[in-house]
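In what follows, chains are A, B, ... by sequence order, proteins preceding strands, each numbered from 1.
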Amino acid sequence: MIKRSVFTSRTLPYLLILPQVVVTLTFFYWPAAQGLMQSVMRSDPFGQHSTFIWFSNFTALFKDPLYLKSIGITLLFSTAVAAVSISLGLFIATMANRALKAKAVVRTMLIWPYAVAPAISGILWLFLLHPSYGVVAYAIKRWFGVDWNPVLRGSDAMFMIIMASAWKEISYNFVFFIAGLQAIPKSLIEAAAIDGASPFRRFWTITVPLLSPTLFFVTVMNIIYSFFETFGVVHVMTQGGPGGATNILVYKVYQDGFIGLNLGASSSQSVVLMTLIIVITLLQFKYVEKKVQYTG
Amino acid sequence: MVEKTPILDTLTYILLIAGILIVGFPIIYAVIAATLSIENVSRVPMPLIPGDQFLINMKTAWVKGNLGTNLVNSFIMASGITIGKIIVSLFGAFSIVYFDYRLRTVAFVSVFCTLMLPVEVRILPTYEMAANLLGPFQGLWNTLHLDGLANWIAGHDIEVTLEWSLLDSYTGLIMPLIASATCTFLFRQFFLTIPEELCEAAKMDGASAMTFFRKILLPLSKTNIAALVVIEFVYGWNQYLWPLLITTNPKMMTAVIGLQHLIPAADDVPYWNVALAGSLLVMLPPILVVLFMQRWFVKGLVEREK
C-alpha cells in the first residue's frame, strides 16, 4: 500500500532514514556478515591467519554429541515452556472472560509479571526450588517423595528453568488471549447457546477455532522467547549445568564463543540459530498474510 | 453470560482466584521472605508471617548489590533505548510512508530483515564491533596495505591504529539496541491508516514535510508512542545478555545484572532475604510503568500482532 499524496524532496527522506540505516548496518548487518564469514573459516589461536574451510565447522558441529544434546534439550525446554504458559494463560483468560464484573481488576492483577526480567524470575524460582530452603522444593520432597536436587540432577535443573521461564510468560499470553476472546462476536456464542450447546462445547467448537490465529501467534512468540530471551534465566539459575543438562542453544553459543573463545564453533552455531529464526519469521509472515485475506 | 449457570459461575471465580494466587505466589512469597531475619528465612518451611526486617534487608541489598549506581545505569539505559528507538522509528516510518524515492523499498526491506537478527544470534561479532567501531576500517586499511603508502608519504615507519571502543559506556549499552523493526512497523502501519486528505490539506496550506510531521503526525501518534514507551522501557530495563557482554567496569553495571552478586553461594550464609529484597527493588520500576500505563500498554502489545 502506497500513499498517493507524498512530499517531494531530494535529500530529506534519506536524512530521515539515515539513523536507522547507520545503526542497522553497524550493529546488525556487518556483525551478521562477519559471523557468516567466520563460520566457514578456521583461525589460528592468535587470530593472525584464517583459512577457508568450506562447511567443516558445520559438519563438525552436527557430529558433536554435545551440540546434538543441546538441540534436544532446547526442543524439550521450549515445548514445555510454551505448553505450560499457553495452557495456563488460556485457562485464566477464559475464566477472566466469563467473570463479567471483575475483568479490569483481574487484568491488573495478572499483567505485571510481564514486567519482571527473566533473570529476576530466575532468582525468585531459585529460592522457591532451593533444595534446602525452598518451599516448593519442600512440598515436592514431602508430597511426592522425590529426592529433589537441581544442583546435581539434570532433570530437576531442567524443571527449574522451565518453571521460571513459563511463569513470566503466562501474563504475556494472558493479555493476547483476553484480547482475542473479547474480539469473538457475542452473537455467535448466543446462537450456539440457543441451539443448546453447553458452555464447554461452545468453548471447543466456537472459541478455540476462532482463537486459532491468536493461538498461532502466541505459540510463535513463545518459541522465540524460550529460544532466545531465556538466556538470563539459565545464566542466573544453572549456567547450563549440571553436566550440560540445561545448556540450551543460546547459552551454548555464549559459552563456546565468549567463555571458550572458539570462534569457528560459536559462529557456525550462530548461523544455525539465524537460519532457524529466519524460518520462523517467514512462516509467521506467511501465515499472517493468509489471515488478513481470510478476514478481508 | 448467555444462560444462567450459577454453579459454573462460582467455579469460574474460584478457579480465577486460584489462578491469580498461583501467578502471584512467587512474588508474595518473596515479599514475605524479604521482611524476615536470616534465622527465619533459613527455617524450613519458612514462616508466612511477615517480619520487621524489611528496611534493614533493603539497606543491605542496596549496599551489597551496589544498587545506587546500578539503578541509575539501568534507568539511563532503559530511557535511552526507549527514546532512541521511538525517534529513530518515527523518522524511519515517516520517510518510508510519506516520500517516494528510489531506495525506499531497499530501506524498508533492510529494516524488515533486522527482525531476523536478534543480538543472541550474533553475539561475538557484535561484541567485536562494539569493542572497536572502527574495526572494519582498520581491516580495509590492512588489506589495502595502506601502511606502506603511509610510510612512503611520511618517509619513516608509522603505525596506524584506528580505535573507538563502546565497551563500558552508555553509548555502547544503548546504541546497538535502538534499531527496531517492530517499532518502525507499528508506526508505518499507523501512518498508512491516516487519511490522505490530511496530508493534502497540509500541503495545500503550504506546510513543509517537517511541519506536517510536527504539527499533524506527531500529535496523532500520541497513543502509539505511549504504548511503545511502556513496551520499550520494560525491554530496555530487562536487557541481560548485551549488558553482560559489554560491561566489565562495576560503575557501568545494570541493576538486573548486579543482582547476581546477591544470590547466596552454596557454602555461604543463605542471605535469601537480602537477595529477594534487592530483586523486588529492581523489578519495581518496570512493574510500576506497566501498571500505571496499562491501557496503552495492552493496546500497543496487541497491535504489534497485526
Original post:
Heavy-atom distance under 4.5 Å to chain B: side chain of A:V136, backbone, both or neither?
Top reply: side chain
Original post:
Using a cut-off of under 4.5 Å for heavy-atom pairs, which of A:L15, A:V21, A:T26 has the most such pairs with chain B?
Top reply: A:T26
Subject >> Side chain, backbone, both or neither of B:L103 within contact of chain A (heavy atoms, under 4.5 Å) >> reply: both
Original post:
Going through the checks in order, is the side chain to side chain donor-acceptor pair (under 3.5 Å) test met by B:T184 and A:Q20?
Top reply: CA-CA 9 Å; B:T184 315; A:Q20 183 121 26; 3.1 Å; yes
**OP:** Measure the acute angle between the ring planes of A:F7 and B:Y98, then classify it against the limits of 30° and 60° as parallel, tilted or perpendicular.
**Re:** tilted
**OP:** Could you tell me if the ring centre of B:F94 sits under 6.0 Å from that of B:F99?
**Re:** yes
Original post:
By a 4.5 Å heavy-atom criterion (distance strictly below it), what part of B:I20 contacts chain A: side chain, backbone, both, or neither?
Top reply: both
Subject >> Worked verdict on A:W30 versus A:T24 for side chain to side chain contact (heavy atoms under 4.5 Å, CB included) >> reply: CA-CA 8 Å; A:W30 177 265; A:T24 19; over 6 Å; no
**OP:** Verify the ring-centre separation between B:F185 and B:F108: is it less than 6.0 angstrom?
**Re:** yes
Subject >> Between A:W125, A:F258, A:Y254, the one whose heavy-atom pairs under 4.5 Å with chain B are most numerous >> reply: A:F258
Original post:
At a heavy-atom separation under 4.5 Å, does B:V23 approach chain A through its side chain, its backbone, both, or neither?
Top reply: both
**OP:** Answer with yes or no after comparing the ring centroid distance for A:Y225 and A:Y172 against a 6.0 Å cut-off, counting only values under it.
**Re:** no
Original post:
Which bit of B:F233 comes within less than 4.5 Å of chain A, counting heavy atoms only: side chain, backbone, both or neither?
Top reply: neither
Original post:
Going through the checks in order, is the side chain to side chain contact (heavy atoms under 4.5 Å, CB included) test met by A:L276 and A:V272?
Top reply: CA-CA 6 Å; A:L276 194 85; A:V272 173; 5.7 Å; no
Subject >> Among the listed options A:V175, A:I178, A:I123, the residue most often paired with chain B at heavy-atom distances under 4.5 Å >> reply: A:I123
Original post:
In terms of heavy-atom pairs under 4.5 Å, which option from A:V23, A:I280, A:V253, A:I170 contacts chain B the most?
Top reply: A:V23
**OP:** Considering only heavy atoms and a distance below 4.5 Å, find which of A:I92, A:L273, A:I120 pairs most often with chain B.
**Re:** A:I120
**OP:** Would you mind checking which part of B:Q239 comes under 4.5 Å of any heavy atom in chain A, side chain (CB onward), backbone (N, CA, C, O), both or neither?
**Re:** neither
Original post:
Side chain, backbone, both or neither: which part of B:Y240 has an atom under 4.5 Å from a heavy atom of chain A?
Top reply: side chain
Subject >> Short side-chain donor-acceptor distance under 3.5 Å, A:S270 and A:S267 >> reply: no
Original post:
Which residue out of A:M221, A:H130, A:Q269 racks up the most heavy-atom pairs below 4.5 Å with chain B?
Top reply: A:H130
